[in-house]
Amino acid sequence: MDNKEIVVSGIRSTGNLHLGNYFGALRNFVKMQNDYDCRFFIADLHALTTNPDPKELHTSVKSIVTEYLAAGIDPEKATIFVQSDVPEVSELYLLLNMHVGIGELMRTASFKDKARKALGIKADADNDDNIENEIIGADSNKRVNAGLLTYPTLMAVDILIQKAHKVPVGKDQEQHLELTRRFARRFNSFYNTDLFPEPENYNFGKAAVKIPGLDGSGKMGKSEGNCLYLIDEDKVLRKKVMRAVTDEGPKEPNSPVSQPVQNLFSLMELTSAPETVQQFKDAYSDCSIRYGDLKKQLAEDILNITRPIRERIMELRDNDEYIGKVLRQGAERARYYASQTLKEAREVMGIRKFY
Ligand code: ADP
Ligand code: TRP
């Protein structure tokens with residue numbers, strides 16, 4: 001593994017994995033494991049930022065590791081671990097925070113979103129400028145916790161502690177990666193070191209993806225409640241796809257495509273054969289399209305991808321012994337690298353023993 005470039009990525013343990021996670025991240029994890037020194041983890045500390053029920057957090061860690069394995073991550077090729085099994089991450093998080101500005105964290109889009117949610121404020125341009133005042137003025141019941149604010153520091157540490165070069169994530173994570181690069185540069189230049197490489201997002205030369213929901217809205221996401229899950233049974237998944245929002249259909253040839261219908265086409269481009277996509281696009285252009293047919297086809301093509309993964313999940317999920325072995329071995333490897341980096345960081349920052 002020695003001279004391969006290092007790849008790091010993680011997914012928060014907040015439920016089961018959905019198609020957004022699959023196409024935005026997991027599929028690339030599987031493709032990258034042959035060519036890179038890959039270290040994939042379950043971000044349970046990040047999940048804590050939204051105060052999950054302890055039982056659900058625990059269950060989700062196990063689900064996600066099972067889903068990683070079922071999707072084809074091979075523990076012989078890649079390191080798979082749980083974030084909290086590497087305590088070095090928490091220490092470097094404290095150290096790196098000394099070089100991170102509260103202002104830059106407060107300006108992060110994902111922080112503003114989550115702060116709004118915590119305070120029960122709707123997103124609109126008018127209250128955007130005021131969010132800082134709302135946060136400072138919030139009473140202790142509606143507080144925005146400090147972990148949410150420093151989420152990007154923790155994510156940067158996950159990446160920098162492994163000295164990763166490439167980070168396969170979806171489009172929604174690009175701002176966090178930009179911050180990671182900035183923190184790495186700042187640390188390196190402050191201490192006049194080259195400890196941390198600057199990592200980049202990676203999607204096989206293509207732009208990062210954003211998988212839409214089928215409710216006509218923006219992205220597919222757990223908190224949006226619009227997910228097609230890898231573990232969805234055939235019946236459940238078909239039903240969800242058949243209920244997807246569409247429109248009244250094109251009235252004239254070559255009409256522009258509305259967002260909800262474009263979302264269906266986007267999913268189809270990822271899951272169906274190119275001829276199938278073209279056939280439905282042509283049918284849209286000449287107004288002969290029937291959305292019911294398109295949805296039926298889409299559901300089957302999605303199931304062709306998710307069904308084998310679901311079957312593997314069922315096979316693996318009670319195999320605690322195997323999963324435990326994978327995670328213990330992964331934690332050991334991840335800690336080996338993390339402890340070296342932490343030692344170097346402490347050293348350059350002046351935390352040295354003379355006693
Ligand atoms: P969620 O947004 O559902 O809570 P996470 O934030 O844990 O999921 O995301 C884990 C990974 O999956 C990240 O790399 C993220 O970019 C990717 N991801 C999540 N949702 C999508 C989506 N709709 N499109 C593309 N990538 C996504
Ligand atoms: N922030 C990522 C998300 O919400 C999860 C994550 C945490 C991550 N640490 C990471 C992704 C390090 C890549 C690398 O999806």
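Read the numbers this way: they start at 1 and go in the same order the structure lists the ligands and their atoms.
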Item to complete: Give the atoms of ligand 2, by number and element, whose distance to some non-hydrogen atom of His46 is under 4.0 Å.
Response: 7 (C), 9 (N)

Fill in: Pairing of Arg186 and Glu104 as salt bridge, 4.0 angstrom limit
yes

Discussion item. Looking only at the side chains, is there a donor atom on one of Asn304 and Glu300 sitting less than 3.5 Å from an acceptor on the other?
Written reply: no

Discussion item. Quick test of your reading of the model: are Asp232 and Lys240 salt-bridged, counting only N-O distances below 4.0 Å?
Written reply: yes

Practice prompt. List every atom of ligand 1 that sits less than 4.0 Å from any heavy atom of Met220, numbering the atoms from 1 in the order shown and giving each element.
Written response: 20 (N), 21 (C), 22 (C), 23 (N)

Fill in: Close-contact set for ligand 1 against Arg12 heavy atoms, below 4.0 Å
1 (P), 4 (O), 5 (P), 6 (O), 7 (O)

Worksheet item: Where's the contact between Gln83 and ligand 2, heavy-atom distance under 4.0 Å: side chain, backbone, both or neither?
Response: neither

Discussion item. Geometry only, no angles: is Lys171 polar-contacting ligand 1 at N/O separations under 3.5 Å?
Written reply: no

Worksheet item: Under the 6.0 Å and 45° cation-pi test, does Lys114 pair with Tyr151?
Response: yes

Worksheet item: Considering only protein heavy atoms, which is closest to atom 9 (N) of ligand 2, and at what distance to one decimal place?
Response: Asp158 OD2, 2.7 Å

Worksheet item: Side-chain donor-acceptor pair under 3.5 Å between Ser63 and Glu67, yes or no?
Response: no

Discussion item. Below 30° counts as parallel, above 60° as perpendicular, anything between as tilted: where do the rings of Phe40 and Phe29 land?
Written reply: parallel

Worksheet item: For ligand 2, which atoms, with element, lie under 4.0 Å from some heavy atom of Arg12?
Response: 4 (O)

Discussion item. Within the 3.5 Å criterion, strictly below it, is a donor on Gln173 or Asn201 matched to an acceptor on the partner's side chain?
Written reply: no

Discussion item. Do the side chains of Arg12 and Asp44 get close enough for a salt bridge, i.e. N-O under 4.0 angstrom?
Written reply: no

Worksheet item: What atoms in ligand 1 come closer than 4.0 Å to a heavy atom of Lys210?
Response: 24 (N), 25 (C)

Worksheet entry | Shortest protein contact, atom 8 (C) of ligand 2 (heavy atom only) | Gly10 O, 3.6 Å

Worksheet, complete the sentence: Counting from 1 in the order shown, the ligand 2 atoms closer than 4.0 Å to a non-hydrogen atom of Ser9 are 11 (C), 13 (C), 14 (C)

Discussion item. In this structure, does ligand 1 have an atom that sits under 4.0 Å from one of the heavy atoms of His18?
Written reply: yes

Discussion item. Test of understanding: given a 4.0 Å heavy-atom threshold, classify the contact between Val167 and ligand 2 as side chain, backbone, both, or neither.
Written reply: side chain

Worksheet, complete the sentence: Scanning both residues in full, the closest heavy-atom pair of Asn263 with Gly213 reads ND2-O, 3.5 Å

Worksheet item: ligand 2 versus Phe40, non-hydrogen atoms closer than 4.0 Å: side chain, backbone, both, neither?
Response: neither

Worksheet item: Cation-pi between Arg333 and Phe81: NZ/CZ under 6.0 Å from ring centre and within 45° of the ring axis?
Response: no

Worksheet item: Quick one: does Lys219 get an N or O within less than 3.5 Å of an N or O on ligand 1?
Response: yes

Practice prompt. Return yes if some donor-acceptor pair links the side-chain N/O of Ser272 with the main-chain N/O of Glu269 below 3.5 Å, else return no.
Written response: no

Practice prompt. Return the residue, atom name and 0.1 Å-rounded distance of the protein heavy atom closest to atom 4 (O) of ligand 2.
Written response: Tyr151 OH, 2.8 Å

Worksheet entry | Heavy atom of the protein closest to atom 3 (C) of ligand 2 (residue, atom name, distance) | Gln173 NE2, 3.2 Å

Item to complete: Identify, by atom number and element, the atoms of ligand 1 in contact range of Ile211, meaning under 4.0 Å from any of its heavy atoms.
Response: 22 (C), 23 (N), 24 (N), 25 (C)

Practice prompt. Pick, from Ser13, Ala208, Gly20, Gly218, the option with the minimum heavy-atom distance to atom 18 (N) of ligand 1.
Written response: Gly20

Worksheet item: Should you measure from each heavy atom of Val169, which atoms of ligand 2 turn up under 4.0 Å away?
Response: 11 (C), 13 (C)

Item to complete: Starting from atom 25 (C) of ligand 1, find the nearest protein heavy-atom neighbour and note its residue, name and distance.
Response: Val209 O, 3.2 Å

Discussion item. Checking Lys163 now: which residues fulfil salt bridge (Lys or Arg N to Asp or Glu O under 4.0 Å) with it, not counting sequence neighbours?
Written reply: Glu344

Worksheet item: Under 4.0 Å from any heavy atom of Ile11, which atoms of ligand 1 are there?
Response: 7 (O), 10 (C)

Practice prompt. Measure from the side-chain N and O atoms of Asp286 to the backbone N and O of Pro253, and report whether any donor-acceptor pair falls under 3.5 Å.
Written response: no

Discussion item. For Ile159, which part has a heavy atom under 4.0 Å from ligand 2: side chain, backbone, both, or neither?
Written reply: side chain

